[in-house]
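Note on naming: letters A, B, ... go to the chains in the order of the sequence lines (proteins, then strands), and numbering restarts at 1 for each one. Remember, it's a predicted structure, so these values are computed and weren't measured experimentally.
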Protein chains: 2
Amino acid sequence: MEDNLAVEQEPSGGRRGRGDRGGAAARRAARTGGGAGPQLTYIKRQIPLYEVLNEEGIALIEANADTVLEEIGIEFRDDAEALALWKDAGADVKGERVHFPRGLPRSLLKTAPSVFTQHARNPERSVQIGGDATVFAPVYGPPFVRDLEGDRRYATIEDFRNFVKLAYMAPSIHHSGGTVCEPVDVPVNKRHLDMVLAHMTLSDKPFMGSVTAPERAEDTVAMARILFGDEFVDQNTVIINLINANSPMVFDETMLGAAKVYARANQATIITPFILAGAMSPVTVAGTLTQVLAEVLAGAAFTQLVRPGAPVLFGTFASSISMQSGAPTFGTPEPSLVSYGAAQLARRLGLPFRTGGSLCASKVPDAQAAYESANTLNSTLLAGTNFVLHSAGWLEGGLASCYEKFMMDVDQLGMAQKLAAGVDLSENGQAMDAIREVGPGSHYLGCSHTQANFQTAFYRSSIADNNSFEQWQAEGEKTAPQRANELARRWLDSYEAPPLDPGIRDGLNDFVSRKKESMPDAFT
Amino acid sequence: MEDNLAVEQEPSGGRRGRGDRGGAAARRAARTGGGAGPQLTYIKRQIPLYEVLNEEGIALIEANADTVLEEIGIEFRDDAEALALWKDAGADVKGERVHFPRGLPRSLLKTAPSVFTQHARNPERSVQIGGDATVFAPVYGPPFVRDLEGDRRYATIEDFRNFVKLAYMAPSIHHSGGTVCEPVDVPVNKRHLDMVLAHMTLSDKPFMGSVTAPERAEDTVAMARILFGDEFVDQNTVIINLINANSPMVFDETMLGAAKVYARANQATIITPFILAGAMSPVTVAGTLTQVLAEVLAGAAFTQLVRPGAPVLFGTFASSISMQSGAPTFGTPEPSLVSYGAAQLARRLGLPFRTGGSLCASKVPDAQAAYESANTLNSTLLAGTNFVLHSAGWLEGGLASCYEKFMMDVDQLGMAQKLAAGVDLSENGQAMDAIREVGPGSHYLGCSHTQANFQTAFYRSSIADNNSFEQWQAEGEKTAPQRANELARRWLDSYEAPPLDPGIRDGLNDFVSRKKESMPDAFT
């Protein structure tokens with residue numbers, strides 16, 4: 001039985017699809033020490049949504065956002081094309097400030113799909129974005145890592161590749177993500193090439209594109225054409241991209257440039273007000289929601305001006321700031337309320353929704369990190385979030401990607417998968433035979449229903465130690481991060497790359513080499 | 001301004017009511033380093049309930065529970081009086097097994113109140129049990145402590161008093177609880193006297209009574225009569241008590257004896273199937289819910305046979321077991337689903353509901369402890385739980401009360417209080433003036449709305465470090481438990497007992513002395 005149990009928990013290897021439950025996988029699982037539940041392509045939520053606003057509250061915030069868009073307006077900076085598009089669409093453009101007739105952005109968004117597929121090069125890993133689907137993607141953006149020696153240092157391309165490998169192997173992560181850490185040892189103008197190449201070759205899960213300059217977005221699309229073929233990319237969404245608003249109420253030329261590239265190529269954008277409430281939005285939840293909605297309406301509608309029908313997500317990144325120090329805080333009640341409310345606003349707009357993750361401010365993977373991450377992840381899941389960036393590895397307010405935190409978060413994501421499956425009300429789930437068989441004063445350990453459901457009954461953590469104090473002590477008094485450290489090392493040691501057509505691999509390598517040779521190194 | 005902010009976060013002192021926001025409180029707060037949000041008497045939830053079962057699912061489980069009660073029955077062991085009461089009520093009693101005509105327990109429960117007040121000796125601390133109220137009480141039962149020196153050892157009466165003091169001072173804890181740890185240095189047959197005396201004299205929050213023997217329950221009631229007066233105790237509920245079922249489907253003589261004492265005295269009981277699913281109930285959520293409902297129906301209805309109208313709660317303690325080792329696990333998805341579902345079943349019965357807390361299996365206050373506790377607390381709160389035992393301090397599957405964990409949990413409970421207040425949709429909450437004042441590309445830090453809402457805008461953690469890595473490093477690289485340790489020491493150093501009438505104090509001391517002298521010491 002132990003072999004079968006191990007299969008349930010294995011990390012994903014490279015050379016098999018979801019159907020492989022055979023001996024090789026079991027051996028690999030035994031070698032690596034187990035994973036975090038079964039590999040799902042993505043979560044199909046079977047639990048209800050949690051909503052904090054009633055109909056009246058939603059209507060109030062929608063009306064206020066319309067007022068913000070009409071009276072105050074949104075700035076589209078250093079992008080004459082964007083301003084021209086808005087003018088043509090009927091907006092009132094004064095300098096770089098765009099004022100929107102009530103209802104215009106909402107009406108433009110009717111062409112945006114509420115559900116779409118982001119294709120992976122392995123079709124079994126293509127994800128649904130929107131509806132009852134939830135997709136977990138790893139941490140995005142940190143310039144630092146907290147490494148397996150416990151050192152905090154600048155991230156390298158080697159770290160980047162390691163996190164891509166771990167995300168590929170993690171059964172509860174559905175997406176390879178984007179800038180899993182910032183490879184600071186690679187010239188700034190060439191990083192995107194190495195990053196996209198790593199996602200394309202070291203993983204077969206879907207991935208994110210570069211947004212730091214329009215030409216880097218173009219490179220991402222060009223590489224996707226090599227990987228998927230020109231026609232497939234024209235017809236399908238294979239890249240999802242993070243377009244941050246410059247809150248309050250500004251979109252800048254870099255983000256607009258990348259958004260235009262991706263929307264024109266029919267690729268997905270996530271319009272995300274990056275909010276530290278109290279600094280970039282009002283200190284209240286309702287005020288923050290109003291501004292978020294206004295910004296998303298303007299940014300998301302803009303993608304539809306560029307190409308009607310291009311997939312676009314309602315994104316929000318919600319944090320509060322410490323009113324003492326100005327530092328961002330995570331896992332506190334106010335961002336949870338913002339996430340719940342924003343998810344409702346997104347559903348009303350008919351757009352897929354992105355928020356949350358496993359966010360924390362702690363500098364180390366300690367109890368603070370875990371409380372804050374769990375609070376964030378719980379609200380993310382129950383809000384009905386469709387795309388969850390920063391699901392694993394986030395530390396220190398997003399300044400560091402942490403290997404140990406990554407493994408602990410992966411375990412928590414496995415629990416989220418199980419929770420999302422809800423209550424099984426089948427005859428087997430009702431277990432009346434078990435209750436009849438056991439009766440008063442006995443126990444269920446050996447009864448036939450327990451034996452039959454042994455493997456799938458309870459989530460089995462890859463990190464938690466549930467043993468007695470004495471056994472835990474005898475085994476070296478290890479803390480959760482220490483166990484996570486060992487698990488990360490085992491996973492990285494046993495990583496096997498997913499197969500890739502040699503011609504495609506050569507094509508990608510050639511593209512990257514040529515591009516790199518065409519540019520001098522830039523480090524700022 | 002700093003003074004006012006400190007007042008918001010002060011731990012509760014002894015010599016003031018809720019209205020005291022003056023200088024003494026501010027000075028005490030400055031001395032102790034702040035608390036965890038404002039002191040609430042209890043939470044009045046303004047957020048929606050989260051429910052995982054639809055109408056069909058609930059009806060299915062209710063019908064199955066009725067079948068269990070009718071066909072299989074529940075054993076009432078070693079208590080002839082209980083069996084006689086059931087026979088008189090129309091149940092089918094065979095030996096010690098009671099079979100219930102469909103609907104009988106439910107019909108008996110019509111006399112139980114859905115909401116009641118548990119009075120505290122300080123009327124400002126009396127709590128509502130039921131309805132939209134949530135009451136947080138500390139950990140219950142551990143024989144060990146993890147102390148402020150980091151040692152794990154048997155608990156003493158000194159530890160017991162310390163946890164009573166900390167719970168008294170914690171603004172986010174509404175209840176003094178019961179066996180906050182087991183004072184192993186006091187003879188078994190005398191412990192209850194010292195414990196109840198500590199709750200009555202060191203705190204003015206409501207408390208729990210002894211249930212380990214009927215005569216100890218009698219002593220608790222007698223002491224309550226000294227504290228509150230005979231007539232007040234006869235007319236009001238001043239003690240709440242934990243009556244565990246011996247799952248599956250057994251109530252034993254000890255628990256029945258205590259339940260009878262308290263119900264006869266019109267005091268509240270919490271009928272709680274203590275479930276490690278897979279051992280004491282089926283391995284499925286629906287099966288566990290069915291058995292829990294059957295057990296609660298039998299136990300709670302029994303209190304109404306003893307005294308119709310005596311307050312009784314629908315309790316459940318939900319954990320799963322590791323199918324590898326048999327050890328209990330916490331913070332996993334299945335117990336969360338049980339809690340959500342059981343809360344729904346309790347509301348359908350019209351009984352107040354108890355579950356959850358800050359449960360974990362970890363041996364130390366590390367990331368595992370925090371993930372598991374946060375997962376449990378989030379589901380506890382959103383389920384709409386009315387009485388939350390084990391809210392703070394629980395470690396090691398309930399075998400140890402931990403000072404550091406206690407302080408960290410108190411902080412999390414403060415966040416739960418804030419989350420439960422929901423979204424402020426007032427004009428001030430909407431913050432349209434702030435959005436107009438700031439406009440695109442500026443920031444909200446200095447705007448008048450931010451200044452006006454500075455104090456109450458965001459929950460301010462008493463434990464989290466949100467500073468930069470460099471500042472955190474310069475301050476000694478402290479982890480969350482280290483900061484919690486310092487805070488616990490500061491609180492204990494600054495503790496001041498709430499005032500108590502000297503005559504009552506003498507009466508209680510006399511009662512305890514006389515009782516102790518009347519018994520030889522027993523240590524088993």
Side-chain angles (χ1 to χ4, degrees), chain A residues 47 50 52 57 64 68 75 248-250 279 282-287 291 320 322-323 327 329 332-334 337 361 363 365-368 370-371 374-375 378 408 412 415 418-419 422-423 425 429-432 434-435 440-441 443-445 450 453-454 457-459 464 466-467 469 472 479-480, chain B residues 47 50 52 57 64 68 75 248-250 279 282-287 291 320 322-323 327 329 332-334 337 361 363 365-368 370-371 374-375 378 408 412 415 418-419 423 425 429-432 434-435 438 440-441 443-445 450 453-454 457-459 464 466-467 469 472 479-480:
Chain A
I47 52 173
Y50 186 69
V52 294
N64 285 346
V68 169
E75 289 192 2
M249 297 171 274
V250 173
V283 290
T284 60
V285 171
Q291 185 184 305
S320 301
S322 161
M323 298 308 280
T329 66
T332 50
E334 300 83 11
L337 292 170
K363 267 57 75 184
D366 66 349
Q368 178 186 343
Y371 279 118
N375 289 346
N378 273 284
M408 297 195 300
Q412 294 296 311
M415 296 192 203
K418 187 89 195 286
L419 185 70
V423 180
L425 291 171
Q430 294 175 54
M432 288 297 281
I435 299 175
H443 69 76
Y444 288 80
L445 291 170
T450 301
N453 290 278
F454 186 83
F458 302 131
Y459 180 76
N466 300 308
N467 292 331
F469 179 83
W472 171 80
T479 62
Chain B
I47 51 172
Y50 186 70
V52 294
N64 284 348
V68 169
E75 290 192 2
M249 296 171 274
V250 173
V283 290
T284 61
V285 170
Q291 186 184 305
S320 300
S322 160
M323 298 309 280
T329 67
T332 49
E334 299 82 12
L337 293 170
K363 268 58 74 181
D366 66 349
Q368 178 187 343
Y371 279 118
N375 289 346
N378 274 283
M408 298 196 298
Q412 294 296 312
M415 296 192 204
K418 186 87 195 290
L419 185 71
V423 180
L425 290 172
Q430 294 175 54
M432 287 297 281
I435 299 175
V438 171
H443 70 76
Y444 288 81
L445 292 171
T450 301
N453 291 278
F454 187 82
F458 302 130
Y459 179 77
N466 299 308
N467 292 330
F469 179 83
W472 171 80
T479 62

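One N or O on the side chain of B:Lys363 and one on the backbone of A:Asn467 form a donor-acceptor pair closer than 3.5 Å. Listed for the B:Asp366 side chain is no donor-acceptor partner under 3.5 Å among the backbone atoms of A:Thr479. With hydrogens and angles disregarded, no donor-acceptor distance shorter than 3.5 Å links the side chain of A:Gln412 to the backbone of B:Tyr371.
No other option in B:Leu425, B:Val285, B:Asn453 has as many heavy-atom pairs under 4.5 Å with chain A as B:Leu425. For the set B:Ala431, B:Ala286, B:Ala370, the entry with the most heavy-atom pairs within less than 4.5 Å of chain A is B:Ala370. By number of non-hydrogen pairs under 4.5 angstrom with chain B, the leading residue of A:Val250, A:Val283, A:Leu419 is A:Val283.
A:Thr450 places none of its side-chain heavy atoms less than 4.5 Å from the side chain of B:Pro282. Contact check for B:Gln368 versus A:Asn466: side-chain heavy atoms found under the 4.5 Å cut-off. Side chains of B:Met432 and A:Val68 form a contact here, defined as non-hydrogen atoms less than 4.5 Å apart.
Contact of A:Gln430 with chain B is made through backbone and side chain together, with heavy-atom distances under 4.5 Å.
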Mind running side-chain contact (heavy atoms from CB on, under 4.5 Å) on B:Thr329 and A:Phe458 for me, showing each step along the way?
CA-CA 10 Å; B:Thr329 67; A:Phe458 302 131; 5.9 Å; no
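Taking each heavy atom of B:Ala457 and A:Glu334 in turn, the nearest pair found is O-OE2, 3.6 Å.
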